[in-house]
**Student:** 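There's a structure below that I have some questions on.
Every chain is numbered from 1 and lettered A, B, ... according to where its sequence line falls, protein lines coming before strand lines. These numbers come from the heavy atoms of this one structure, side chains and all, not from hydrogens, waters or symmetry mates.
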Amino acid sequence: MHAIEVANVTKIFRKGFRAVRIPAVVDLSFTVRKGAITGFVGPNGAGKTTTIKMIEGLVHPTKGMLRINGEDAAFPRARGGVAFLSEQPYFYAHLTVSEMLRFTAELIRVPSSQIPKETQRVLETVELSRKTGTKIKELSKGMQQRLNMAQALLGSPHTLVLDEPMSGMDPPGRRLFRDLMELLRQEGRTLFFSSHVLDDIEAICDDVVVLQQGKLTYAGGVRELLDEGFTGTDVVTGEITQECREALGGAGCRFRHDEKRGEWTLFVPKTGDVAALQRILSEKGAFPRRVIPRSMTLEELLYQRKTESVT
Amino acid sequence: MNTILTVALNTFKETIRNKVLYNILLVAAAALLLSLSFGDLSLFSRAQVMTDFGLATMSLTGLLMAIFIGVGLLGVEIATKTVYGVVGRPVSRDAFIVGKFCGLCATLLLNFILIAAVFFVAIRFLGVTVKAPVVYAVLLLAVEMALIVATSIFFSTFTTPTLAAIFTVGFYIAGHLNDLMNIGAEQQRNPVWRFILVSLNRLLPNLEHFNIRTRVVYDLAVPDLFVAQAAAYGILYTVLLLLLAMVVFSRKDL
């Protein structure tokens with residue numbers, strides 16, 4: 001059973017007096033593995049927030065089915081043990097930090113005897129324990145985002161669905177958040193989060209789901225996607241003879257000479273044999289100084305996919 | 001049940017901390033105390049004027065509170081998206097609506113008790129004993145306000161807070177003119193207008209059933225059965241409006 005399952009989901013919004021049809025998500029299908037961190041990527045307006053809202057039960061799909069741990073996401077009980085964190089924190093401004101957390105803890109049915117301990121725990125995790133009595137409207141945006149995270153951690157949920165969780169966070173906040181994600185991964189929790197920061201996705205996620213204009217363009221491992229972007233290997237060596245270059249050229253290498261440094265960069269395409277190249281070099285009395293795999297970044301890969309889908 | 005109570009308590013806390021509420025309360029108390037001096041300017045006895053004015057003040061302030069707080073709470077909650085933090089949890093939308101309604105009614109009830117206390121003290125000050133019909137009048141006003149809160153919640157589920165407030169005021173006025181609509185329909189020759197008036201007359205509650213002010217002021221009998229029937233009528237309408245609100249809200253994309 002998957003933590004989250006989205007099966008052939010379409011969402012069409014109707015806007016205005018004439019109820020103009022605006023498709024936000026079209027025939028979308030993907031799954032989120034239990035215990036994995038899955039990134040959700042796509043440009044603005046791709047349908048990420050709509051999809052997350054459908055998982056959250058805030059928006060109803062026009063067609064298709066969403067399941068959380070095998071239960072229909074339309075039913076509130078499916079959201080038990082699942083925490084959602086929205087892009088912007090939405091709080092009751094009249095409440096204090098501890099009152100807000102207490103309210104949420106009661107909603108998710110944390111036993112009342114455990115609420116003070118649980119509130120303290122999550123506040124310590126997000127480094128907000130000094131702000132318990134502060135009114136939410138008096139907190140800075142970054143602190144509100146931390147409180148948002150604290151709220152999501154209440155009751156130790158097995159699955160966390162996060163929409164742009166790091167937007168509005170300062171660098172220490174981002175670091176704290178990334179450490180937290182790592183901790184949650186170690187605890188075996190499932191995380192599904194959307195982000196525009198592809199470096200974060202590349203660094204943190206096991207899997208990635210890519211959306212483009214409401215349609216799925218990729219769903220699978222981050223590693224596999226990055227492997228797709230592996231183009232070859234650069235082997236950097238010192239000066240080499242003409243004879244050596246001819247031998248390497250026969251092996252399918254391309255050359256670039258850096259006169260200033262006195263170095264040659266030999267590019268072996270991903271279909272080439274790096275070991276064979278190293279053998280030829282050593283036979284000709286030259287030795288590699290550096291071996292650098294050349295890969296496209298996640299951002300370049302996604303841009304390429306976007307261009308391909310447009311053309 | 002616990003969820004409803006949690007939402008209701010939060011709603012109560014939120015409304016109790018609302019400054020608009022205190023302003024309305026202050027105006028109500030000031031108006032009630034001022035009305036003590038109005039009796040000298042009237043042909044009627046001071047007690048009659050005080051009773052009439054007091055009940056009218058309670059009705060008006062109750063209406064203001066029901067609209068301002070009712071529309072403000074749910075409508076603004078949808079507009080500012082704080083609702084995500086509740087219905088995005090394992091909480092049914094129905095429980096959210098009922099919780100909101102209960103919280104609002106608790107606030108209204110507390111305010112009614114406060115205003116009623118000032119009112120009863122003021123009429124006691126004039127040497128008038130508080131009789132059952134006065135208490136009935138206050139009770140029926142409370143039922144009417146619960147109905148208005150349910151109306152404002154219903155309108156808030158599908159329109160903006162401003163429009164919901166306008167619709168609720170319209171509903172209140174039309175509800176009090178229900179008998180006139182019936183008379184108008186009987187005298188109307190245009191079948192379209194007659195149909196509209198008859199439909200409105202049947203569809204809208206007759207809020208005059210909750211207005212026994214004249215009977216109380218002139219010391220006329222108020223049968224217990226009438227009060228019970230009027231209260232049941234109000235509660236039934238309130239439940240109906242809440243059910244409608246639940247149906248609309250359950251289908252709404254937030």
Side-chain angles (χ1 to χ4, degrees), chain A residues 11-15 24 49-50 52-62 68 71 73-96 99-112 135-136 147-148 151-152 154-155 157 161 163, chain B residues 1-22 69 72-100 102-104 107 157-160 163 246-254:
Chain A
K11 177 66 195 177
I12 296 166
F13 287 108
R14 290 174 184 273
K15 295 272 175 197
T49 301
T50 303
I52 288 180
K53 279 184 170 181
M54 285 193 281
I55 298 170
E56 217 174 334
L58 298 174
V59 167
H60 306 292
T62 311
I68 304 173
E71 285 214 60
F75 297 112
R77 68 167 179 272
R79 297 191 283 279
V82 184
F84 295 91
L85 192 144
S86 51
E87 183 181 356
Q88 278 183 322
Y90 302 113
F91 296 121
Y92 293 103
H94 67 283
L95 296 178
T96 64
E99 282 174 338
M100 185 71 221
L101 290 175
R102 185 176 186 89
F103 173 61
T104 309
E106 282 172 356
L107 286 181
I108 58 171
R109 295 174 196 130
V110 174
S112 43
K135 277 210 170 157
I136 293 169
L147 177 60
N148 209 10
Q151 233 185 346
L154 276 171
V161 179
D163 189 11
Chain B
M1 199 63 197
N2 275 347
T3 314
I4 293 174
L5 197 67
T6 305
V7 176
L9 272 175
N10 183 54
T11 308
F12 181 71
K13 218 181 274 182
E14 188 178 358
T15 45
I16 276 302
R17 292 177 188 179
N18 192 335
K19 283 175 188 154
V20 176
L21 190 77
Y22 294 104
I69 302 170
L73 267 188
L74 189 68
V76 173
E77 185 144 344
I78 293 169
T80 58
K81 297 173 183 172
T82 45
V83 64
Y84 290 5
V86 182
V87 293
R89 315 263 168 205
V91 173
S92 76
R93 293 188 180 200
D94 295 350
F96 176 74
I97 290 282
V98 176
K100 278 272 151 200
C102 292
L104 281 169
T107 311
T157 55
F158 61 88
T159 187
T160 62
L163 281 179
M246 284 180 204
V247 170
V248 177
F249 193 59
S250 70
R251 290 158 177 251
K252 191 178 175 74
D253 283 337
L254 296 166

**Student:** Is the closest side-chain heavy-atom distance between Arg79(A) and Val87(B) below 4.5 Å?
**Tutor:**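 A side-chain contact is absent here, since even the closest heavy-atom pair is not under 4.5 Å.
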**Student:** Within this structure, what is the OG-CZ distance for the pair Ser92(B) and Arg77(A), rounded to the nearest 0.5 Å?
**Tutor:**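 Going from the OG atom of Ser92(B) to the CZ atom of Arg77(A) covers 12.0 Å.
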**Student:** Answer yes or no: is there a side-chain heavy-atom contact under 4.5 Å between Glu106(A) and Arg89(B)?
**Tutor:**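 The answer is no; the side chains never approach within 4.5 Å.
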**Student:** Out of curiosity, Thr80(B) OG1 to Tyr92(A) OH, how far, rounded to the nearest 0.5 Å?
**Tutor:**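 That separation rounds to 8.0 Å.
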**Student:** Quick one, Phe103(A) and Leu9(B) - any side-chain contact, counting heavy atoms below 4.5 Å?
**Tutor:**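 No, their side chains stay 4.5 Å or more apart.
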**Student:** Relative to chain A, which segment of Ser250(B) carries a heavy atom at a distance below 4.5 Å: side chain, backbone, both, or neither?
**Tutor:**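 Interface part for Ser250(B): backbone (N, CA, C, O).
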**Student:** Which answer fits Phe13(A), side chain, backbone, both or neither, if we ask what part of it has an atom under 4.5 Å from a heavy atom of chain B?
**Tutor:**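 For Phe13(A), side-chain heavy atoms alone lie under 4.5 Å from chain B.
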**Student:** Measure Arg93(B) against the heavy atoms of chain A and call it side chain, backbone, both or neither at under 4.5 Å.
**Tutor:**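 It is the side chain, since no backbone atom gets that close.
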**Student:** Does any backbone or side-chain atom of Thr82(B) lie under 4.5 Å from a heavy atom of chain A? Answer side chain, backbone, both or neither.
**Tutor:**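 Both backbone and side chain.
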**Student:** Sort out for me which of His94(A), Glu56(A), Met54(A) touches chain B most, counting heavy-atom pairs under 4.5 Å.
**Tutor:**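 The candidate making the most pairs under 4.5 Å is His94(A).
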**Student:** Might you point out which heavy atoms bring Leu107(A) and Val91(B) nearest each other, and give the distance in Å?
**Tutor:**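 Closest approach of Leu107(A) to Val91(B), heavy atoms only: CD2-CG2, 3.9 Å.
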**Student:** Do Val83(B) and Leu58(A) make a side-chain contact, defined as non-hydrogen atoms from C-beta onward lying under 4.5 Å apart?
**Tutor:**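 They are not in contact (no side-chain heavy atoms under 4.5 Å apart), so the answer is no.
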**Student:** Out of curiosity, Thr6(B) OG1 to Ile108(A) CD1, how far, rounded to the nearest 0.5 Å?
**Tutor:**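 So the OG1 of Thr6(B) and the CD1 of Ile108(A) are separated by 11.5 Å.
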**Student:** Is the closest side-chain heavy-atom distance between Lys13(B) and Leu95(A) below 4.5 Å?
**Tutor:**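 Answer yes - side chains close enough.
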**Student:** Between Arg109(A) and Thr3(B), is there a donor-acceptor pair closer than 3.5 Å when you use the side chain of the first and the backbone of the second?
**Tutor:**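 It does not hold such a pair.
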**Student:** Taking side-chain hydrogen bond (donor to acceptor under 3.5 Å, both in side chains) as the criterion, tell me which of Lys11(A), Lys53(A), His60(A) meets it with Asp253(B).
**Tutor:**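 Of the listed options, the one satisfying the test is Lys11(A).
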**Student:** When you check the gap from the basic side-chain N to the acidic O, do Glu99(A) and Arg17(B) get nearer than 4.0 Å?
**Tutor:**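 Salt bridge flag = yes for Arg17(B) with Glu99(A).
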